**Q** 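Got a structure here, written out as structure tokens. Questions coming.
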Amino acid sequence: MANEGTTQEPRSLHFIEEIVEADLASGKHGGRVLTRFPPEPNGYLHIGHAKSICLNFGLAKAYGGATNLRFDDTNPVKEDVEYVDSIREDVQWLGFQWKGEYYASDYFQFMYDYAEYLIQQGKAYVCDLSEAEIREYRGNFHVPGKASPTRDRAPEENLDLFRRMRAGAFPDGSRVLRAKIDMQSGNMNLRDPLMYRIRRAHHHRTGDTWCIYPMYDYAHGVSDAIETITHSICTLEFEDHRPLYEWFLEQDVDAKFFRRPLPRQIEFARLNLTYTVMSKRRLLQLVQDGVVRGWDDPRMPTICGLRRRGYTPEAVRSFAEKVGVAKRDMVADVGLLEYCIREDLERRAPRRMAVLHPLKVVITNMAESEAFEVEVANHPDDPAMGTRKLPFTRELFIDQDDFREEAPKKWFRLAPGAEVRLRGAALVTCREVVKDGTGQVVELRCEWDPASRGGNVPDGRKVKGTLHWVSAPHAIKAEVRLYEALFTQEDPMDVPEGQDWKALLNPRSLEILAEARLEPSLADAKPGERYQFERTGYFAVDADGQPGLPVFNRTVGLKDSWAKIEAKQ
RNA sequence: UGGGGAGUAGCCAAGUGGUAAGGCAGCAGGUUUUGAUCCUGCGUACCGAGGGUUCGAAUCCUUCCUCCCCAACCA
């Protein structure tokens with residue numbers, strides 16, 4: 001064949017890949033690529049972190065490198081071991097394995113030593129100003145900062161003071177160590193940033209051995225350099241911290257502390273998703289206020305929430321790949337995320353019959369003794385997934401959505417006098433509609449065509465509609481939870497003047513169906529398993545289920561072109 | 001009015017001086033025992049705006065506009 005080996009157009013590189021390739025080509029790091037994922041253990045990871053994880057781990061893997069997992073635990077009052085375990089679990093679940101597992105706190109002594117070195121070089125000083133005074137002296141965008149009265153203190157005195165700070169000689173907040181850079185800088189980060197503060201707090205790893213803790217800007221670059229990270233990838237808001245990142249490392253003028261070349265910080269745009277919030281603060285609020293049932297509520301954009309919802313790591317990775325990497329502030333359409341999980345589950349989820357809102361159907365021309373079994377495929381396009389048997393009996397359930405007493409245009413589901421196929425089983429025609437006292441349709445009396453067993457059309461007559469169904473006496477009961485977006489507004493952070501952000505919450509984000517009826521094979525579905533309920537969507541088994549009453553979470557619905565047609569009518 | 005970034009179709013995003021990739025969404029058809037999947041086709045993107053350089057500019061220069069981030073002893 002002439003066209004053999006159709007060359008797949010290689011995806012164009014994003015700017016970080018270009019940087020890495022350039023470094024590889026120049027031999028800057030001797031062919032090494034070492035990235036790091038540096039979460040602060042003060043909350044659960046969300047889909048935004050997933051993008052960063054996929055970037056850091058994916059990049060390293062693509063270029064034969066590795067990635068460290070480093071917990072950025074420099075603020076003991078906010079951090080907790082509870083979070084490190086969940087972070088580890090989530091990264092692994094996403095399918096990534098880190099090379100080293102480190103903690104910024106592992107480097108406290110090193111950082112302390114380097115700080116003493118900076119003091120000795122006259123690059124850092126102990127400042128006695130109060131928190132409010134420091135703020136005042138720092139000035140603002142329009143007013144340059146002014147020097148702290150202690151800015152020119154002699155190195156020996158600074159060293160003595162700093163040692164006493166560490167020894168616990170001073171109360172919390174009474175002094176800080178500051179880098180001596182430029183109080184006039186237009187970049188506020190350079191106006192003598194704090195390096196250490198006194199904080200008598202119990203640290204989840206170092207306990208009470210320290211009463212001074214380093215600040216992010218100082219700790220982060222130093223940690224990167226210690227680990228010999230080559231590319232330190234972070235989000236856009238750290239862009240104007242980069243000069244500081246570089247400054248701290250470059251003060252190692254004698255190269256006594258860090259191996260060269262030094263790591264390079266690179267910033268990319270963080271992920272935002274329509275109809276959801278991503279800030280830790282808001283997420284925490286949702287949990288604390290009981291809007292959701294916890295961090296792993298399937299409506300949460302957290303990794304554990306997505307997992308419980310039924311998302312696969314493959315789908316999340318695919319999403320991260322599709323949204324791309326650039327420097328432009330971006331808001332990804334949540335529809336793309338949904339596309340990714342459908343795409344994945346479409347080929348891997350076994351099909352099952354499940355009736356969400358049961359409506360009884362009696363086959364009037366069938367005796368109870370005539371019940372039979374039909375064999376149906378577990379996947380229409382994948383014979384390797386096998387088949388299973390479904391009991392077909394005189395009494396069935398179909399979904400209420402599949403019957404209309406007055407059929408609209410283009411309706412090819414059930415209606416009085418209409419004929420439909422019950423998937424894999426038979427053709428049935430609705431002969432009678434039974435209502436209760438309130439006019440509610442409670443039962444359909446239908447006739448089946450015995451010649452159509454298996455769902456075949458015996459004479460080629462037109463039967464457009466195919467419905468899912470279950471046998472009433474065999475069906476098992478289940479709880480099914482349907483989810484929608486947590487917010488009704490595309491950008492939930494854009495709260496209208498004078499309104500509470502909670503007014504934007506979607507009151508229908510969770511709908512619990514307690515009366516669903518499933519085919520019997522689902523009786524012993526295990527938590528975590530994913531299925532496609534034919535014609536309705538993809539569902540994952542929740543751990544909340546009890547023996548005899550499984551609970552299913554709808555991961556995402558199937559595309560529904562009928563809904564579109566009807567909406568247009 | 002300081003510093004740092006960014007502006008290409010509804011949402012992402014390629015493009016790096018030679019005449020605008022791709023994905024999602026949307027629309028129209030086809031196949032189909034899931035109105036699913038799958039397949040096919042469909043977009044005058046005045047490349048934020050104006051000026052300039054050039055045979056030729058989304059790409060270079062220039063002026064302007066808009067949006068985002070920064071004044072925690074948070075990360």
Side-chain angles (χ1 to χ4, degrees), chain A residues 9 11-14 18 38-40 42 72 74-75 77-79 127 129-131 134-135 138-145 172-178 184-191 194-199 213 215-217 219-220 234-243 267 269 274 280 319 321-340 342-343 346-347 351 353 376-377 379-381 410-413 421-425 427 452 454-457 463-468 490 532-537 557-565:
Chain A
E9 187 80 9
R11 180 177 61 75
S12 51
L13 302 179
H14 61 242
E18 277 174 358
E40 181 185 17
N42 71 341
D72 215 339
T74 57
N75 187 1
V77 308
K78 284 191 172 178
E79 296 145 9
C127 177
L129 258 22
S130 71
E131 191 172 342
I134 286 177
R135 192 177 313 123
R138 188 154 37 215
N140 58 47
F141 298 152
H142 313 295
V143 179
D172 285 12
S174 60
R175 283 179 226 260
V176 294
L177 182 71
R178 291 229 245 170
Q184 255 76 251
S185 175
N187 182 345
M188 302 295 290
N189 296 117
L190 265 19
R191 317 249 263 226
L194 274 57
M195 293 172 63
Y196 274 92
R197 73 281 217 187
I198 304 172
R199 189 104 102 202
Y213 291 95
M215 302 288 290
Y216 167 86
D217 285 306
H220 202 88
C234 62
T235 43
L236 254 27
E237 68 270 27
F238 292 102
E239 211 145 18
D240 49 18
H241 289 237
R242 195 188 330 132
E267 313 84 15
T274 55
K280 277 182 182 172
F319 174 70
E321 177 76 21
K322 287 186 202 311
V323 292
V325 176
K327 298 194 68 156
R328 194 167 16 154
D329 289 323
M330 56 93 74
V331 185
D333 189 337
V334 71
L336 181 61
L337 215 211
E338 294 178 341
Y339 167 82
C340 290
R342 282 195 194 102
E343 179 188 45
E346 152 61 26
R347 60 187 168 72
R351 316 281 123 130
M353 295 285 197
V376 298
H379 190 113
D381 308 312
K410 292 192 184 166
W411 176 263
F412 38 83
R413 277 123 95 149
R421 169 169 31 242
L422 295 182
R423 172 141 235 236
L427 264 31
S452 69
N456 303 301
V457 185
V463 179
K464 267 235 141 188
T466 299
L467 313 185
H468 56 283
E490 200 170 290
Q532 183 199 95
F533 288 173
E534 295 223 24
R535 303 208 312 130
T536 61
L558 255 30
K559 276 183 36 180
D560 187 353
S561 57
W562 164 247
K564 278 185 196 169
I565 292 168

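All heavy atoms count here, side chains included; hydrogens, waters and symmetry mates do not. Order of the sequence lines fixes the chain letters, A, B, ..., with proteins taken first and strands second; residue numbering starts at 1 for each chain. The structure presented is a predicted model; accordingly, all values stated were derived computationally and were not measured.
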**Q** Round to a whole Å and report the spacing from CE of A/Met330 to P of B/A9.
**A** 15 Å
**Q** Rounded to the Å, how far apart are A/His379 NE2 and B/U34 C1'?
**A** 11 Å
**Q** Would you measure the distance from the C1' atom in B/A36 across to the matching atom in B/C12 and give it in whole Å?
**A** 25 Å
**Q** Quick check for you: among B/U37, B/U34, B/C24, whose closest atom lies nearest to any side-chain atom of A/Pro380?
**A** B/U34
**Q** By nearest nucleotide on RNA chain B, pick out whichever of A/Glu239 and A/Arg423 is the more 5' one.
**A** A/Glu239
**Q** Please name the pair of heavy atoms, one in A/Leu558 and one in A/Gln532, separated by the smallest distance, quoted to 0.1 Å.
**A** CD1-NE2, 3.9 Å
**Q** Could you give the CZ-to-C1' distance, from A/Arg342 to B/G23, as a whole number of Å?
**A** 15 Å
**Q** Could you tell me how far apart A/Arg242 (CZ) and B/G3 (C1') are, to the nearest whole angstrom?
**A** 13 Å
**Q** Could you pull out the closest heavy-atom pair between A/Arg197 and A/Asn75, with the gap in Å?
**A** NH2-CG, 3.5 Å
**Q** With the threshold set at 4.0 Å, does a side-chain nitrogen-carboxylate oxygen contact exist between A/Lys78 and A/Glu40?
**A** no
**Q** Hey, does A/Glu18 reach any base, or is it just sugar-phosphate, or nothing, if we go heavy atoms under 4.0 Å?
**A** base
**Q** How many whole angstroms separate atom CZ of A/Arg191 from atom C1' of B/G4?
**A** 14 Å
**Q** Return the minimal non-hydrogen interatomic distance between A/Ala332 and A/Phe319, and the atom names on each side.
**A** CB-CZ, 4.0 Å
**Q** When rounded to the nearest Å, what value does the distance between P atoms of B/U33 and B/A9 take?
**A** 42 Å
**Q** Considering all heavy atoms of both residues, which atom of A/Arg351 and which atom of A/His379 are nearest to each other, and what is their separation?
**A** NH2-CE1, 2.9 Å
**Q** Report the residue (A/Ser452 or A/Glu343) whose heavy-atom-nearest nucleotide on RNA chain B is the more 5′ of the two.
**A** A/Ser452
**Q** Which atom names give the shortest non-hydrogen contact between A/Glu343 and A/Lys322, and what distance separates them?
**A** OE1-CE, 4.1 Å
**Q** Report the nucleotide, chosen from B/U33, B/A36, B/A14, that has the shortest atom-to-atom distance to any side-chain atom of A/Arg421.
**A** B/U33
**Q** Can you measure A/Lys464 atom NZ to B/G30 atom C1' for me and round it to whole angstrom units?
**A** 11 Å
**Q** For the backbone of A/Gly455 and the side chain of A/Arg421, can you confirm whether one donor and one acceptor N or O come within less than 3.5 Å of each other?
**A** yes
**Q** A/Phe412 near the nucleic acid: base, sugar-phosphate alone, or nothing, with a heavy-atom cut-off under 4.0 Å?
**A** base
**Q** Need one value for A/Gln532: base, sugar-phosphate or nothing, where a base atom within 4.0 Å counts as base even if backbone is also close, heavy atoms only.
**A** base
**Q** Answer with base, sugar-phosphate or nothing: what part of the nucleic acid does A/Val376 contact at a heavy-atom distance below 4.0 Å?
**A** nothing
**Q** Apply the syn/anti split at 90° from 0 to B/A72 and say which one it is.
**A** syn
**Q** Please state how far atom CE in A/Met353 lies from atom P in B/U33, giving the value in whole angstrom units.
**A** 14 Å
**Q** Mind checking whether A/His241 and A/Tyr216 have parallel, tilted or perpendicular rings, split at 30° and 60°?
**A** perpendicular
**Q** CD of A/Glu346 versus C1' of B/C38: gap in Å, rounded?
**A** 8 Å
**Q** When rounded to the nearest Å, what value does the distance between P atoms of B/C38 and B/G23 take?
**A** 13 Å
**Q** By the definition side chain to side chain contact (heavy atoms under 4.5 Å, CB included), identify the one residue from A/Leu427, A/Val463, A/Leu422 that meets it with A/Ser452.
**A** A/Leu427
**Q** Counting only side-chain heavy atoms from C-beta out, which of B/A6, B/A21, B/U16 sits nearest to A/Lys327?
**A** B/A6
**Q** Can you tell me, in whole Å, how much space there is between the C1' of B/U34 and that of B/A25?
**A** 23 Å
**Q** Do any side-chain nitrogens or oxygens of A/Lys564 fall under 4.0 Å of OP1 or OP2 in B/G26?
**A** yes
**Q** May I ask you to evaluate whether A/Lys322 reaches the phosphate of B/G22, defined as a side-chain N or O under 4.0 Å from OP1 or OP2?
**A** no
**Q** Want to know the stems of RNA chain B: at least 3 consecutive Watson-Crick or G-U pairs with distances under 3.5 Å, which are they?
**A** B:2-7 with B:65-70, B:10-12 with B:22-24, B:26-30 with B:38-42, B:48-52 with B:60-64
**Q** If we take the C1' atom in both B/U40 and B/A57, what is their distance in whole Å?
**A** 36 Å
**Q** Applying the side chain to side chain contact (heavy atoms under 4.5 Å, CB included) test to A/Tyr196, which of A/Thr74, A/Leu177, A/Val176 qualifies?
**A** A/Leu177
**Q** Quick check: does any side chain N or O of A/Asp240 sit under 3.5 Å from a backbone N or O of A/Asn187, one acting as donor and the other as acceptor?
**A** no
**Q** Pick the C1' atom in B/C74 and in B/G10, then give their distance to the nearest Å.
**A** 36 Å
**Q** Quantified in whole Å, what is the P atom distance between nucleotide B/G48 and nucleotide B/A6?
**A** 14 Å
**Q** Which parts of nucleotides 65-75 of chain B does protein reach within less than 4.0 Å, heavy atoms only, written one letter per nucleotide 5' to 3' as B for base, S for sugar-phosphate only and - for none?
**A** ---SBBBSBSB
**Q** State, to 0.1 Å, how close A/Arg342 and A/Gly557 come at their nearest heavy-atom pair, and which atoms those are.
**A** NE-O, 2.7 Å
**Q** Taking atom P in both B/G17 and B/C70, what distance in whole Å separates the two?
**A** 35 Å
